[in-house]
Protein chains: 2
Amino acid sequence: MSTTRPGRGSNSVNLRLYNERTLLQRLRRAGEASKADLARWAQLTNTAVGSIVQSLEAAGLIETFGRRQEGQRGQPASLYRLNPKGAFGVGVRLDRSSIETVLVDLSGKILARRAHDLLLPPPDRALDLVRRDVASVLAVLDPAERQRLSGVGLALPCNLGSWLRELDLQAGFRVWDEVDFGALLAQAVQLPVFKENDGNAAGIAELFFGVGRASSDFLYLFIGPAIGGAVVVDGEGMRGSTGNAADVAMIPVPPSRLASAPDTGKSWDILLSRASLNALARHLRFHGEPITGRADLETCCERGLPAVREWLDDCIDALVPAVRSAIAVLDVPVCVIDADIDAGLIDELIARLDAGLRSIAPESCGTPQLRRGSFGADAGALGAASLPMFFNFSPRADVLRGQAPRSAAVLHV
Amino acid sequence: MSTTRPGRGSNSVNLRLYNERTLLQRLRRAGEASKADLARWAQLTNTAVGSIVQSLEAAGLIETFGRRQEGQRGQPASLYRLNPKGAFGVGVRLDRSSIETVLVDLSGKILARRAHDLLLPPPDRALDLVRRDVASVLAVLDPAERQRLSGVGLALPCNLGSWLRELDLQAGFRVWDEVDFGALLAQAVQLPVFKENDGNAAGIAELFFGVGRASSDFLYLFIGPAIGGAVVVDGEGMRGSTGNAADVAMIPVPPSRLASAPDTGKSWDILLSRASLNALARHLRFHGEPITGRADLETCCERGLPAVREWLDDCIDALVPAVRSAIAVLDVPVCVIDADIDAGLIDELIARLDAGLRSIAPESCGTPQLRRGSFGADAGALGAASLPMFFNFSPRADVLRGQAPRSAAVLHV
């Protein structure tokens with residue numbers, strides 16, 4: 001389904017909004033600045049910056065915290081920074097085997113958290129549980145802070161009901177593909193809900209609070225039960241026509257060589273089957289390790305079991321051509337790697353992936369700089385919570401064009 | 001090398017420029033419109049649109065061509081359309097085995113052309129030749145038209161000096177990697193030069209004059225001597241950090257199974273080695289066909305030689321996983337296929353690729369709509385010529401942000 005999304009005309013209201021968000025972004029990245037700093041940086045007049053700073057301060061999004069002498073004479077200039085209590089976001093991350101709800105502030109600090117490790121129940125029961133968790137995390141805000149809640153972000157795997165075989169799940173998740181959980185949640189909590197797939201949400205957390213402070217173009221990979229990803233180009237998360245850009249799990253790769261891998265009967269498999277913690281768990285169980293959750297996986301990594309290394313070899317063999325393909329298409333200079341467990345695994349993945357990418361780099365092609373993700377197991381929930389703040393406070397080109405975000409990502413109650 | 005390209009503030013000058021270009025784009029896509037049509041569509045006031053239309057008409061970029069009765073009463077409204085003679089662009093396409101120079105108008109019509117099939121000479125000799133060709137195509141413009149020349153677009157393969165083995169060339173192209181031919185050309189012809197790699201340039205022609213009139217998101221593939229590509233997202237060509245986004249030629253694939261393929265001694269090869277007319281020419285020569293140029297290749301395709309079919313099988317086996325990977329990363333709904341030769345080859349490629357993509361589509365994943373490119377062998381030169389017009393007349397987000405294009409793509413004299 002191919003459509004032309006028309007680029008409409010823009011106006012001075014959009015312009016003002018865009019400039020407000022540009023200055024907020026600058027403060028988020030720089031930490032602190034005077035009005036003169038901001039005007040110089042943004043190439044706006046002092047009058048324009050003064051007016052924007054005044055309204056951002058009145059809205060409680062920024063605050064002064066001291067003065068600095070600029071030049072030889074005159075009054076010291078006030079310094080501004082983001083007010084961490086200027087906005088709050090709730091994040092809900094649903095996975096096939098966990099539900100997590102967090103409350104974060106504008107600085108990305110997690111203020112409250114509720115988590116459940118459980119096989120995802122049917123939508124109505126999940127909704128009950130999430131509704132209670134949202135109410136519970138919101139209880140830490142006082143009434144004035146509650147006014148600054150920017151909404152609820154919802155992150156869930158794309159096609160939740162699919163790939164149950166690849167993920168060794170015997171469950172009836174199909175119903176999840178037929179329900180609009182975002183709309184149900186918006187109705188239940190009476191707040192705007194912003195929905196993204198979990199990989200893109202985690203990538204937005206990295207863009208808003210992590211690597212994105214220094215880097216505007218990167219490929220983001222998150223190794224969880226499955227593997228998720230995000231693409232950030234020019235400081236914006238790429239959504240894709242169906243909201244599934246960076247669906248790295250679906251990249252075709254050769255079949256696994258692990259004895260534990262199910263026979264696909266095909267000459268190819270998908271990256272999901274090999275570069276995922278589910279594949280690691282399956283391989284460990286095959287070798288007699290009882291694995292019931294993330295903690296067991298971390299323990300096995302710490303013990304340095306040969307089976308962990310075998311899986312790592314197989315994972316890297318699949319990951320190297322997949323990442324090389326993605327980099328050839330995107331031409332981004334950085335690839336961020338994060339995972340749901342650590343115990344040395346992330347550093348090992350990065351070192352092995354780096355060596356692998358160097359070994360197949362074609363003539364005249366460089367390899368991306370590999371960086372560790374900032375949030376590990378928190379990436380999913382923090383990503384969800386960053387969605388309402390990202391859509392409300394980031395200078396996206398859509399804002400300037402006066403366009404709504406590219407999809408039905410925003411559900412108002 | 002990772003840098004943050006700051007999103008600066010914007011102003012009313014950028015806003016006006018962006019709105020002008022938005023209306024031009026609308027006229028390019030819609031063909032004709034009244035001021036009221038444009039105001040409704042762009043969500044701008046009648047006054048704003050009237051002022052913009054007046055200045056576009058004064059600049060000769062648009063023209064009236066009749067009237068239409070709108071509503072029950074009042075004067076019929078003037079209808080506007082692009083003035084094909086409102087702007088001109090020169091395109092220079094350098095390839096390892098050809099040099100082509102064209103002059104096109106704002107409608108994409110090729111007004112003059114000079115072409116040479118020759119092994120690319122050293123830069124100084126190529127410059128002499130191109131300078132003469134540019135002067136020669138410009139001679140068809142009268143002095144008034146000459147004032148409306150928007151510049152010269154230069155398209156050349158990325159890393160021209162590389163992959164000579166894969167392309168069976170014994171030549172000293174390394175010098176091309178060390179020279180800034182765009183700067184030399186700007187100096188020689190005393191015109192601004194806009195440089196892109198050939199795949200991206202051809203993709204911009206498709207965006208500006210072809211499939212892009214109906215589709216704002218697509219992957220573009222061009223099978224020439226090598227294989228080039230482009231990615232269009234939200235109506236903008238993706239450039240990439242080094243100007244090499246959509247470098248599909250470098251996607252890793254399994255080695256070729258053709259007897260004619262050189263032994264790489266590796267378990268992988270690059271798409272360039274298999275999905276390119278060079279690979280077809282090599283395979284035909286291996287089977288005793290004397291191939292000296294594109295015409296010979298077309299003749300072999302028309303004759304339906306078994307060797308053509310063998311290469312096609314091998315090409316598709318490489319192309320299917322590569323395109324599947326690119327679509328997983330980009331989530332674009334359309335893939336455009338074009339080639340330097342036809343004789344039925346393009347339709348055959350599309351049908352075979354479509355079947356291949358369907359056969360490996362993972363659960364819950366669709367396949368892109370495959371479309372024929374609009375320009376065939378002209379794509380490269382037309383792409384080059386569209387660069388100055390695209391950068392001057394398209395409503396890119398960079399315009400609204402008051403930013404220069406993302407790279408040193410624009411070389412002013």
Side-chain angles (χ1 to χ4, degrees), chain A residues 1-2 4-12 15 18-19 22 25-26 29 41-44 159 162-163 214-217 231 233-235 238 240-242 244-248 250-252 268 270 321-322 324-326 328-334 360 362-365 369 395 397 400-401 406, chain B residues 1-2 4-12 15 18-19 22 25-26 29 41-44 159 162-163 214-217 231 233-235 238 240-242 244-248 250-252 268 270 321-322 324-326 328-334 360 362-365 369 395 397 400-401 406:
Chain A
M1 191 181 53
S2 157
T4 299
R5 205 170 62 105
R8 299 296 167 94
S10 193
N11 59 41
S12 56
L15 193 64
Y18 179 81
N19 284 338
T22 296
Q25 183 185 59
R26 178 63 184 167
R29 290 177 167 180
W41 174 84
Q43 296 166 313
L44 293 172
N159 300 315
S162 302
W163 311 303
S215 213
S216 291
D217 301 272
V231 173
V233 170
D234 207 9
M238 188 187 273
S241 299
T242 67
N244 284 331
D247 194 4
V248 292
M250 295 300 110
I251 292 180
W268 59 278
I270 49 179
R324 179 71 209 119
S325 297
V329 170
L330 298 168
D331 186 18
V332 291
V334 174
I360 72 156
E363 183 185 352
S364 303
C365 292
Q369 184 196 351
L400 199 41
R401 289 176 176 161
R406 288 205 73 188
Chain B
M1 191 181 54
S2 157
T4 299
R5 204 170 63 104
R8 300 297 168 91
S10 194
N11 58 41
S12 55
L15 193 63
Y18 179 80
N19 285 339
T22 297
Q25 184 185 59
R26 178 62 183 167
R29 291 179 166 179
W41 175 84
Q43 296 167 313
L44 293 172
N159 300 314
S162 302
W163 311 304
S215 211
S216 291
D217 301 273
V231 174
V233 171
D234 209 8
M238 188 188 271
S241 299
T242 68
N244 284 331
D247 194 4
V248 291
M250 296 299 109
I251 292 181
W268 58 278
I270 50 179
R324 179 71 208 118
S325 298
V329 170
L330 299 168
D331 186 18
V332 289
V334 173
I360 71 158
E363 185 184 349
S364 303
C365 292
Q369 184 197 351
L400 200 40
R401 289 175 174 161
R406 291 205 69 187

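Note that this is a predicted model, so its numbers are computed, not measured. Numbered from 1 within each chain, the chains take letters A, B, ... in sequence-line order.
In terms of modelled atom types and a separation under 3.5 Å, the side chain of A:S241 and the main chain of B:V332 share no donor-acceptor contact.
Between B:P321 and A:P252, the shortest heavy-atom contact is O-CG, 3.7 Å. Shortest non-hydrogen contact noted between B:V329 and A:M238 is O-SD, 4.4 Å.
Chain A forms the most heavy-atom pairs under 4.5 Å with one residue out of B:A322, B:A246, B:A326, and that residue is B:A246.
Annotation: the span from A:M250 atom CE to B:D331 atom CG amounts to 12.5 Å, rounded to 0.5 Å.
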